[in-house]
Amino acid sequence: MNTLGYACQNTILSERPLTERIMMSRSCIRRTFDTKGLDYISQLTLLNAQDLIKILQWNEEHGIKFFRLSSDICPWASYFDMTDMRDYEQIHETLRRAGAYASAHSHRLTSHPGQFNVLPSPNPNVVERCIVDLTIHGTIFDWMGVSRTPYNKINIHLGGAYGDKQSAMERFCKNFERLPDSVQTRLTVENDDKASMYSVQDLYDGVYKRIGIPIVFDYHHHRFCPGDLSEREALELAMSTWPDDIVPVVHYSESRRDEQNNDKLKPQAHSDYVYDYIDTYGNTVDIMIEAKRKEQAVFRYKEIHHG
DNA sequence: ATAGGTCAAGCGAGG
DNA sequence: CCTCGCTTGACCTAT
């Protein structure tokens with residue numbers, strides 16, 4: 001059986017009453033950041049880091065060993081130096097303990113920085129902010145002491161095509177060289193969910209062949225942007241880009257439109273649960289389930305398919 | 001405690 | 001031009 005994981009948030013723990021709530025994505029809006037300042041961010045970050053350990057413990061108790069970190073552990077981090085937070089020492093130590101717990105119990109931790117990270121952008125400011133944000137992800141993984149390999153991936157989309165994918169991929173590969181080692185060693189790219197964007201084959205030819213970083217295969221996205229490859233071919237081409245000693249990650253989700261039987265919903269929107277059998281064609285992969293009901297979707301999948 | 005409006009960032013699709 | 005959808009909705013104010 002392939003390992004199943006979920007992303008960022010645990011519905012059971014985050015839907016508890018406020019005082020008992022456990023979540024790692026406490027954030028705030030700009031206005032609050034401006035009025036309450038860095039000390040408030042520091043408090044939120046410490047709570048998020050402490051809750052990360054609780055979530056990992058919960059995962060261990062429930063047989064889940066694959067989890068994606070929220071990118072909101074430290075809100076607004078691109079606007080200051082994380083070491084300037086009042087609770088920095090305690091935050092760093094808490095994250096170190098979270099990473100040690102994950103390592104001790106063989107939990108795989110990954111990340112997926114937001115859609116605003118567009119490394120091939122023609123706008124230098126966008127590229128600058130992207131480098132800053134990715135670096136934060138690399139730094140947090142370093143603090144946690146997890147591997148500088150795609151086992152602990154920092155996964156992104158290219159984010160823009162600008163009507164010329166080839167040029168955009170060249171800029172991506174060029175800007176990749178500007179990333180710190182903490183990011184370069186962990187970075188992966190994912191196929192897109194629009195026909196005009198990047199298929200697995202595009203990423204293989206335009207990114208993997210040039211800079212050698214692995215491709216994360218997303219089953220759902222592939223339906224919208226298959227190129228000339230079947231599902232199996234795309235999966236196996238993506239798998240071939242991973243180092244031999246690291247199990248590749250794939251993403252799996254289903255369409256909310258089908259689940260809710262509502263034509264008004266976009267087909268790309270994610271369902272609450274996933275129902276179909278995930279065919280890996282006999283390959284071993286770690287499967288990140290992207291569904292609104294998070295860990296409950298993992299449990300239900302295992303029930304349906306006797307995983 | 002909850003309902004409803006609001007909220008940093010990029011991009012492309014659809015209306 | 002506007003809204004949605006994406007990586008993970010969560011925050012904030014009024015009631």
Side-chain angles (χ1 to χ4, degrees), chain A residues 5-11 13-36 40-41 44 47-48 51-52 55 67-80 109-134 136-137 153-165 168 172 188-198 216 218 220-221 224-225 249 251-253 255-257 262-272 288-295 297:
Chain A
Y6 68 101
C8 303
Q9 178 200 33
N10 180 303
T11 66
L13 299 179
S14 65
E15 289 170 7
R16 287 178 176 175
L18 190 57
T19 53
E20 306 158 41
R21 191 168 297 171
I22 293 173
M23 58 187 237
M24 63 170 311
S25 51
R26 293 175 187 80
S27 188
C28 65
I29 60 172
R30 173 96 202 213
R31 188 167 78 250
T32 306
F33 173 42
D34 289 342
T35 53
K36 296 194 176 180
Y40 181 64
I41 301 295
L44 293 179
L47 289 171
N48 286 338
D51 280 5
L52 170 56
I55 293 169
F67 182 63
R68 180 190 295 167
L69 298 200
S70 166
S71 289
D72 247 344
I73 297 177
C74 185
W76 298 99
S78 56
Y79 285 68
F80 54 85
L109 301 180
T110 61
S111 66
H112 198 345
Q115 65 271 39
F116 308 108
N117 289 285
V118 184
L119 198 56
S121 174
N123 178 341
N125 294 325
V126 172
V127 176
E128 249 349 287
R129 289 202 300 274
C130 174
I131 292 171
V132 169
D133 196 33
L134 293 179
I136 290 162
H137 287 78
K153 71 183 168 66
I154 299 172
N155 177 58
I156 57 173
H157 290 265
L158 264 66
Y162 311 96
D164 182 357
K165 285 191 276 194
F172 181 93
T188 61
V189 286
E190 177 180 343
N191 58 309
D192 281 300
D193 64 4
K194 297 182 188 72
S196 66
M197 300 290 276
Y198 300 89
V216 171
D218 186 308
H220 191 49
H221 295 174
F224 304 97
C225 183
V249 172
H251 292 176
Y252 186 83
S253 57
S255 181
R256 184 171 199 79
R257 167 188 275 190
N262 180 350
D263 290 348
K264 293 192 181 69
L265 297 170
K266 301 212 176 217
Q268 287 92 340
H270 288 166
S271 58
D272 286 339
M288 176 55 60
I289 301 285
E290 295 176 333
K292 298 292 180 194
R293 294 305 293 171
K294 306 298 180 188
E295 84 291 345

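Atom set for the values below is all heavy atoms of this structure, side chains included, hydrogens, waters and symmetry mates excluded. Just so we're on the same page: letters track the sequence lines, and every chain starts at 1.
Of the P atoms belonging to dG9(C) and dG12(B), the separation is 23 Å, rounded to the nearest Å. Comparing the P positions of dC4(C) and dG5(B) gives a spacing of 13 Å, expressed to the nearest Å. Taking atom P in both dT2(B) and dT7(C), the straight-line distance is 30 Å, to the nearest Å. As rounded to the nearest Å, dA1(B) and dT8(C) have P atoms that lie 28 Å from one another.
No donor-acceptor pair under 3.5 Å is formed between the side chain of Asp192(A) and the backbone N or O of Lys194(A). Tyr198(A) places a side-chain N or O within donor-acceptor distance of the main-chain N or O of Gly160(A), the cut-off being under 3.5 Å. The closest donor-acceptor contact from the side chain of Asn48(A) to the backbone of Ile73(A) lies under 3.5 Å. Judged by distance alone, the side chain of His112(A) and the main-chain N or O of Asn155(A) form a donor-acceptor pair under 3.5 Å. In terms of modelled atom types and a separation under 3.5 Å, the side chain of Asp218(A) and the main chain of Asn191(A) share no donor-acceptor contact. A donor-acceptor pair is defined here as one N or O able to donate and one able to accept, closer than 3.5 Å; no such pair exists between the side chain of Arg68(A) and the backbone of Thr110(A). Remark: the backbone N or O of Ile41(A) is not paired with any side-chain donor or acceptor of Lys36(A) at under 3.5 angstrom.
Using a 4.0 Å heavy-atom cutoff across all strands shown, Glu128(A) reaches no nucleic acid atom at all. Using a 4.0 Å heavy-atom cutoff across all strands shown, His220(A) reaches no nucleic acid atom at all. Residue-level contact check: Met197(A) touches the backbone only, with heavy atoms under 4.0 Å from sugar-phosphate atoms and none from bases. Residue Tyr79(A) is classed as a base contact, given a heavy-atom separation below 4.0 Å to a base.
Side-chain atoms of Asp193(A) lie closest to dC6(C) of the nucleotides dA1(B), dC6(C), dG10(B). Side chain of Arg68(A), nearest nucleotide from dA8(B), dT7(C), dC11(C): dT7(C). Distance from the side chain of Lys194(A) is smallest for dG12(B) among the nucleotides dA10(C), dG12(B), dC6(C). Of the candidate nucleotides dA8(B), dT8(C), dC11(C), dA8(B) has the atom lying nearest to any side-chain atom of Ser78(A).
Remark: Arg30(A) is not in phosphate contact with dT6(B), judged by side-chain N or O atoms under 4.0 Å from OP1 or OP2. Contact check, Ser121(A) against dC11(B): a side-chain N or O comes under 4.0 Å of OP1 or OP2. Residue His157(A) has a polar side-chain atom (N or O) positioned under 4.0 Å from OP1 or OP2 of dT7(C). Taking 4.0 angstrom as the limit, Lys292(A) places a side-chain polar atom (N or O) nearer than this to OP1 or OP2 of dC6(C). A sub-4.0 Å separation between OP1 or OP2 of dA1(B) and a side-chain N or O of Arg21(A) is absent. Contact between the side-chain N/O atoms of Ser196(A) and the OP1/OP2 oxygens of dA13(B) is found at a separation under 4.0 Å. Checking the phosphate oxygens (OP1, OP2) of dT7(C), no side-chain nitrogen or oxygen of His137(A) falls inside 4.0 Å.
DNA chain C contains the following stems of three or more consecutive Watson-Crick or G-U pairs, with both distances under 3.5 Å: B:1-7 with C:9-15, B:10-15 with C:1-6.
A heavy atom lying under 4.0 Å from DNA chain C marks the following residues of residues 110-119 of chain A, by number: His112(A), Gly114(A), Gln115(A).
Atom CD in Glu190(A) sits roughly 10 Å away from atom C1' in dC6(C) (whole-Å rounding). Between Asp133(A) atom CG and dT8(C) atom P there is a gap of 16 Å when expressed in whole angstrom units. Asn48(A) places its CG atom 9 Å from the P atom of dC11(C), with the value rounded to the nearest Å. The CG-C1' distance, from Asn191(A) to dT7(C), rounds to 14 Å in whole Å. Look at CD on Gln268(A): it is 13 Å from C1' on dC11(B), rounded to the nearest Å. For His251(A) and dC6(C), the NE2 to P distance is 14 Å, given to the nearest whole Å. Spacing between atom OH of Tyr40(A) and atom P of dC11(C) amounts to 7 Å, rounded to whole angstrom units. To the nearest angstrom, P of dA9(B) lies 19 Å from CD1 of Ile156(A).
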Check against salt bridge (charged side-chain N to carboxylate O under 4.0 Å, His left out), Asp272(A) and Arg256(A)
CA-CA 7 Å; Asp272(A) 286 339; Arg256(A) 184 171 199 79; 3.0 Å; yes

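Ile154(A) places a side-chain heavy atom less than 4.5 Å from the side chain of Leu134(A).
For dT7(C), the base adopts the syn conformation, since its glycosidic angle falls within 90 degrees of zero.
In summary, of the residues considered (Glu190(A), His220(A), His221(A)), a side chain to side chain donor-acceptor pair (under 3.5 Å) with His251(A) occurs for Glu190(A) alone.
Between Asp133(A) and Arg129(A) there is no salt bridge, since no side-chain N of the basic residue sits under 4.0 Å from a carboxylate O of the acidic one.
A side-chain donor-acceptor contact under 3.5 Å links Thr11(A) and Glu295(A).
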